[in-house]
Amino acid sequence: MAYWLMKSEPDTFSIDDLRKLGVAGWDGVRNYQARNFMRDGMKKGDKVFFYHSSCPEPGIVGIATVAREAYPDPTAFDSKSPYYDPKSDPQKPIWMGVDVKFVRRFKRVISLEELKQEPRLDGFTLLRRGNRLSVMPVSEEHWNAVLELE
DNA sequence: GCCAACGTTGGC
DNA sequence: GCCAACGTTGGC
């Protein structure tokens, strides 16, 4: 089993939205590297840190699990979707997403600031300068170090 | 294949 | 709203 981190802007889709839905499609990813992680890496049962970005307190807010492995992102074919991509042909889809299932919400936000201060998280992809990946792998060591901050 | 211009992400 | 750091696009 592998560990991952997925970013979402809480104004668009928050951990509470996922809690309400139970299971949700992680759609709208339009970056090849992030797509490749979902398509080639994510397996059912993998664990996922849910990260809130572009908000007053960016940080890791809870845990989800992969409920369904990668399949074509339907929003890419929907001309009314903000994620519509006319280059993605349903016969040969460019963009993929997974389904994620709510596991739990942390009692408090483990903030980006706090993550940066934890020596055991040196080298964590999330903290790399200029990192903009919205889906990334997390090592077991980093996963455990984050959990111990809760 | 190079690279300038442009667009996006995301913290601050 | 600013801007650093990328990724993408398109002319050549």
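The chains referred to below are lettered A, B, ... by the order of the sequence lines, with proteins before strands, and numbering in each begins at 1.
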Distance in angstrom units between [X] [atom1] and [N] [atom2], rounded:
X	N	atom1	atom2	answer
A:Arg128	B:dG11	CZ	P	15 Å
A:Asn131	B:dT9	CG	C1'	10 Å
A:Tyr83	B:dT9	OH	C1'	13 Å
A:Glu57	B:dC12	CD	C1'	14 Å
A:Leu127	B:dC12	CG	P	11 Å
A:Lys7	B:dG10	NZ	C1'	7 Å
A:Asn31	C:dT8	CG	C1'	11 Å
A:Asp11	B:dG10	CG	C1'	13 Å

From the set [options], return the single nucleotide nearest to any side-chain atom of [X].
X	options	value
A:Leu112	B:dC12, B:dG10, C:dT9	B:dC12
A:Ser134	B:dG10, C:dG7, B:dG11	B:dG10
A:Lys116	B:dG10, B:dG11, C:dT9	B:dG11
A:Arg132	B:dG11, B:dG7, C:dT9	B:dG7

Contact class for A:Ser53 (heavy atom, under 4.0 Å): base, sugar-phosphate, or nothing?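 It contacts sugar-phosphate atoms only.
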Do A:Phe49 and A:Val61 have side chains that get closer than 4.5 Å, going by heavy atoms?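 SC-SC contact between A:Phe49 and A:Val61 ruled out.
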One pair to check against side chain to side chain contact (heavy atoms under 4.5 Å, CB included): A:Val138 and A:Thr125. What are the steps and the verdict? CA-CA 8 Å; A:Val138 178; A:Thr125 310; over 6 Å; no
Going by distance alone, is a donor N or O of one side chain under 3.5 Å from an acceptor N or O of the other, for A:Trp26 and A:Asp99?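 No - no donor-acceptor pair under 3.5 Å links their side chains.
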Could you check whether atom CD of A:Gln117 has more than 12 heavy atoms from other residues, nucleotides or ligands sitting under 6.0 Å from it?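 Yes, enclosed.
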